[in-house]
Trainee: 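Got a structure here, written out as structure tokens. Questions coming.
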Amino acid sequence: MRKTRYAAAAMAAVAALTLSACGGGDEDATGSAPESGEAGGETIRVGIKFDQPGLGYDEGGSYSGFDVDVAKYVANELGYTDEQIEFVESPSANRENMLQNDQVDMIFATYSITDTRKETVAFAGPYFIAGQDLLVPTDSDITGPEDLEGKNLCSVTGSTSAQKIKDQYPGVQLVEQPGYAECVTAMGGGQIDAVTTDDIILAGLAAQDANAGQYRVVGNTFSEEKYGVGLPQGSDRCEDINAAITKMIDEGAWKEAIAANTEGADYSYNEELNPPTPEPCA
Ligand code: GLU
């Protein structure tokens with residue numbers, strides 16, 4: 001049952017990639033994105049994850065999750081209606097390329113702000129701060145990355161999660177997949193001892209019906225992941241996006257969105273770090 005569900009998700013992901021490879025936004029004959037606050041009849045292309053329940057999730061062409069809710073709020077503030085938003089799948093490894101190649105206008109995809117990424121893309125935000133953690137089978141005795149020496153750990157290509165393991169835990173057997181759902185499937189098959197990424201992503205996967213009762217998040221975070229809004233370098237949208245995020249927090253819509261999207265998951269966000277204050281635009 002679980003395999004069938006993930007196989008369908010994987011096929012949908014391939015189809016989405018194929019479509020975006022064919023040129024992405026067909027709505028704009030000039031190929032240039034509309035300016036902030038001048039949306040008119042144009043659409044805005046927003047990169048999200050399609051396979052992270054509670055954050056960015058494709059339920060047969062309707063999209064749900066906290067990233068999706070923040071993206072909609074921000075796009076509305078920039079002058080776009082929900083109907084003018086075109087959601088595009090942005091897997092971890094493709095995000096910088098998609099921004100650099102003008103395949104998306106902005107990305108809300110559990111996308112951590114890092115100095116390395118700032119060499120090629122720009123960020124607004126942060127709008128959330130998560131922490132790297134581990135997902136393990138319910139009966140596992142793993143309590144943190146120190147317990148993973150010689151064990152098989154799965155993470156995703158192009159993520160800060162995989163990079164941190166390579167940099168700081170070289171004794172761990174790191175297996176990379178294109179998405180975290182594939183990692184959980186591999187753990188279900190017994191080939192993998194643990195999955196690592198941000199706690200909120202792991203909690204959403206653990207809470208899926210197909211995974212219920214099988215896995216638990218260890219609850220011992222070992223990084224700070226500031227979720228930013230990915231933008232092409234030179235974008236003039238950063239200030240407006242930061243203002244929209246601040247408004248969403250001040251109005252209470254941020255709190256409602258995080259509560260609604262983590263309902264049913266065994267997760268509570270770090271209240272010392274959240275909601276964050278957006279950083280000044282570069
Ligand atoms: N937030 C981390 C990152 O940006 C991990 C989650 C992800 O792969 O999206 O790489």
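Read the numbers this way: they start at 1 and go in the same order the structure lists the ligands and their atoms.
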Trainee: Using a 4.0 Å cut-off to any heavy atom of Ile201, which atoms of ligand 1 qualify?
Mentor: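 Under 4.0 Å from Ile201, ligand 1 has these atoms: 6 (C).
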
Trainee: For Ala257, is there any backbone N or O sitting under 3.5 Å from a side-chain donor or acceptor partner on Asp69?
Mentor: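 No.
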
Trainee: Is atom CD of Glu59 surrounded by more than 12 heavy atoms (other residues, nucleotides or ligands) closer than 6.0 Å?
Mentor: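 Yes.
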
Trainee: Nearest 0.5 Å please: distance from the CG atom of Asn76 over to the CE atom of Met248.
Mentor: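 The CG atom of Asn76 sits 10.0 Å away from the CE atom of Met248.
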
Trainee: Which residue, Ser155, Ser223, Ser159, forms the side chain to side chain contact (heavy atoms under 4.5 Å, CB included) with Lys164?
Mentor: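 So, applying the side chain to side chain contact (heavy atoms under 4.5 Å, CB included) to Lys164 and each of Ser155, Ser223, Ser159, only Ser223 qualifies.
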
Trainee: Please confirm whether Arg117 approaches ligand 1 to less than 4.0 Å, judged on its heavy atoms.
Mentor: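 Under 4.0 Å: yes for Arg117.
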
Trainee: May I ask you to identify, for Gln132, whether its side chain, its backbone, both or neither come under 4.0 Å of ligand 1 on a heavy-atom basis?
Mentor: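 For Gln132, no heavy atom sits under 4.0 Å from ligand 1.
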
Trainee: Counting non-hydrogen protein atoms only, what is the nearest one to atom 2 (C) of ligand 1? Give residue, atom name and distance.
Mentor: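 For atom 2 (C) of ligand 1, the nearest protein heavy atom comes out as Thr160 OG1, 3.1 Å.
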
Trainee: Which atoms of ligand 1 have any heavy atom of Ser92 under 4.0 Å away?
Mentor: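 Near Ser92, the atoms of ligand 1 are 7 (C), 8 (O), 9 (O).
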
Trainee: How does Ser159 reach ligand 1, if at all, at less than 4.0 Å between non-hydrogen atoms: by side chain, backbone, both, or neither?
Mentor: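 The answer is both, backbone and side chain.
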
Trainee: Which word best sums up how the rings of Tyr267 and Phe128 line up, parallel for under 30°, tilted for 30 to 60°, or perpendicular for over 60°?
Mentor: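 It falls in the tilted class, 30° to 60°.
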
Trainee: Mind checking whether Phe108 and Tyr127 have parallel, tilted or perpendicular rings, split at 30° and 60°?
Mentor: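 Tilted, since the angle between the ring planes falls between 30° and 60°.
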
Trainee: Going by heavy atoms, is Lys49 under 4.0 Å from ligand 1?
Mentor: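 Per 4.0 Å heavy-atom rule, Lys49 contacts ligand 1.
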
Trainee: Side chain or backbone of Lys226 under 4.0 Å from ligand 1, or both, or neither, by non-hydrogen atoms?
Mentor: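 None of Lys226 does.
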
Trainee: Taking the six-membered ring for Trp, are Trp254 and Tyr269 parallel (under 30°), tilted (30 to 60°) or perpendicular (over 60°)?
Mentor: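 Taking Tyr269 first and then Trp254, their aromatic rings stand perpendicular (interplane angle over 60°).
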
Trainee: Whether the side chain of Thr138 engages the backbone of Gln214 through a donor-acceptor N/O pair (distance < 3.5 Å, no angle test) should be reported.
Mentor: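 Yes, because the side chain of Thr138 sits within donor-acceptor range (under 3.5 Å) of the backbone of Gln214.
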
Trainee: Using a 4.0 Å heavy-atom threshold (strictly under), name the region of Ser112 that reaches ligand 1: side chain, backbone, both or neither.
Mentor: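 For Ser112, backbone and side-chain atoms both sit under 4.0 Å from ligand 1.
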
Trainee: Counting only nitrogen or oxygen atoms and a 3.5 angstrom limit, does Ser161 reach ligand 1?
Mentor: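 No.
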
Trainee: Give yes or no for whether the N/O distance cutoff of 3.5 Å, strictly under, is met between Arg95 and ligand 1.
Mentor: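 Between Arg95 and ligand 1, an N or O pair is found under 3.5 Å apart.
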
Trainee: In this structure, does ligand 1 have an atom that sits under 4.0 Å from one of the heavy atoms of Val156?
Mentor: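 Under 4.0 Å: no for Val156.
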
Trainee: May I have the step-by-step check of side chain to side chain donor-acceptor pair (under 3.5 Å) for Gln132 and Thr196, ending in yes or no?
Mentor: CA-CA 7 Å; Gln132 185 168 354; Thr196 189; 3.0 Å; yes

Trainee: For the side chain of Asp198 and the backbone of Gly131, is there at least one donor-acceptor N/O pair under 3.5 Å apart?
Mentor: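 It does not hold such a pair.
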
Trainee: Looking only at distance, does Thr110 have an N or O less than 3.5 Å from an N or O of ligand 1?
Mentor: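 The answer is yes, given that Thr110 and ligand 1 share an N or O pair closer than 3.5 Å.
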
Trainee: Taking the minimum heavy-atom distance to atom 7 (C) of ligand 1, which of Tyr227, Tyr180, Tyr111 ranks first?
Mentor: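 Checking each option, the heavy atom nearest atom 7 (C) of ligand 1 is found in Tyr180.
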
Trainee: Where's the contact between Ala109 and ligand 1, heavy-atom distance under 4.0 Å: side chain, backbone, both or neither?
Mentor: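 Within the 4.0 Å criterion, Ala109 contacts ligand 1 through backbone atoms alone.
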
Trainee: Has ligand 1 got any nitrogen or oxygen that is less than 3.5 angstrom from a nitrogen or oxygen of Thr197?
Mentor: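 Among all N and O atoms of Thr197, none is under 3.5 Å from an N or O of ligand 1.
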
